[in-house]
Amino acid sequence: MDKLKVGILGSGRGSNFEAIAQSIDEGALNADIRVVISDVENSGILQLAHKWEIRAEFVNPGQFRTKMSVEAEARVIEILKEEGVDLVVLAGFMRIVGAQLLRAFPDRILNIHPSLLPKFPGLEAWRQALEAGETVTGCTVHYVDAIVDGGRIIAQEKVPILPGDTPESLHQRIQKAEHILYPKAISYFRSENL
Ligand code: GAR
């Protein structure tokens, strides 16, 4: 059976990327990570991509803080197309996806978000859940569309909020759940689309 060709975009540590790479390595996910692209030059995710011997590309995002410039996004699309990517996976990518990229991969961009959407969209969702006094939060894999953190949900996992939790301890617990959920959701996408 065909491997799903995946392109990953991330800005941070890259733990979700590594969980996906490990899942492929163990034979649980029939996919091939063709490229990892980051808007942050010395990010952990690019270093990890080197370690896994996967093509790693820094794309200078341009002058805006929350989105990529039109030129930067065009370059990202060019790289993804060069690699024949079937699915774009956002793994801690901290910029809003623009119309160009959405048009280039319609219904083929996934994101993972650290809350039970539609609750707590936006930044530091784990902190938002803690400050709201919730006892349960979690993570969500969803399609990316023009509404930030608003696309169709593929999968969710609940995570308890425990007495004495700090934002950091809660985020760590959510990330453990993310590392199991994301490979499963990608595998589900593959079964529906290949
Ligand atoms: C993850 O917890 C992910 O849910 C979050 O960034 C972290 C990236 O960690 N994403 C968002 O908040 C997107 N709005 P990683 O670089 O270790 O995978």
Side-chain angles (χ1 to χ4, degrees), residues 6-25 29 31 33 35-52 54 56-59 61 64-68 76 87-98 101-102 109-132 134 136-161 165-186:
V6 174
I8 294 193
L9 266 64
S11 311
R13 218 157 56 86
S15 70
N16 277 285
F17 152 62
E18 189 152 56
I20 295 163
Q22 252 151 14
S23 175
I24 293 170
D25 219 37
L29 173 61
I33 302 173
V35 63
V36 173
I37 303 172
S38 183
D39 58 325
V40 179
E41 195 159 17
N42 293 313
S43 52
I45 195 168
L46 287 182
Q47 289 166 21
L48 278 175
H50 287 301
K51 189 191 98 182
W52 282 84
I54 290 170
E57 292 282 352
F58 162 65
V59 174
F64 308 110
R65 210 167 47 83
T66 56
K67 62 177 183 177
M68 283 180 283
V76 168
L87 175 68
V88 181
V89 168
L90 307 187
F93 186 64
M94 301 314 280
R95 287 174 193 268
I96 293 165
V97 173
L101 185 49
L102 289 173
I109 308 178
L110 300 185
N111 182 43
I112 190 150
H113 183 81
S115 77
L116 296 174
L117 288 173
K119 278 192 165 179
F120 310 119
L123 293 177
E124 296 197 322
W126 58 89
R127 189 187 296 274
Q128 295 184 50
L130 195 61
E131 286 172 0
E134 300 280 330
V136 176
T137 185
C139 49
T140 302
V141 177
H142 65 93
Y143 286 95
V144 175
D145 64 16
I147 300 161
V148 177
D149 299 329
R152 186 156 56 89
I153 291 171
I154 295 195
Q156 290 188 307
E157 188 66 46
K158 287 183 184 160
V159 172
I161 299 181
D165 257 338
T166 61
E168 294 70 32
S169 66
L170 178 57
H171 189 207
Q172 264 182 23
R173 195 174 309 117
I174 293 172
Q175 284 215 308
K176 280 196 184 143
E178 290 182 344
H179 299 160
I180 298 167
L181 188 68
Y182 218 173
K184 276 197 205 157
I186 295 168

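Position 1 is the first residue of the sequence; numbering continues from there. Both ligands and their constituent atoms are indexed starting at 1 by order of listing.
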- Pairing residues for K51 by the salt bridge (Lys or Arg N to Asp or Glu O under 4.0 Å) criterion, not counting sequence neighbours: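 Testing K51 for salt bridge (Lys or Arg N to Asp or Glu O under 4.0 Å), a comparison that skips the adjacent residues, returns E18.
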- Message: I'd like the contact residues of ligand 1, where contact means a heavy atom below 4.0 Å.
- Response: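 Within the 4.0 Å shell of ligand 1, which is judged on heavy atoms, sit G12, R13, G14, S15, N16, G92, M94, I112, H113, P114, H171, Q175, E178.
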- Message: Test of understanding: with side chain to side chain donor-acceptor pair (under 3.5 Å), list the residues that count as partners of H179, not counting sequence neighbours.
- Response: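 Counting only residues at least two positions away or on another chain, H179 forms a side chain to side chain donor-acceptor pair (under 3.5 Å) with S15.
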- side chain to side chain donor-acceptor pair (under 3.5 Å) filter on S23, not counting sequence neighbours, yields none
- Item | Distance-minimising heavy-atom pair for G150 and H142 |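 Shortest heavy-atom contact: N-CE1, 4.4 Å.
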- Message: Which heavy atom of A125 sits nearest to which heavy atom of H113, and what is that distance?
- Response: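 Minimum heavy-atom contact is CB-NE2, 3.4 Å.
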- side chain to side chain contact (heavy atoms under 4.5 Å, CB included) evaluation trace for E157 with I180: CA-CA 9 Å; E157 188 66 46; I180 298 167; over 6 Å; no
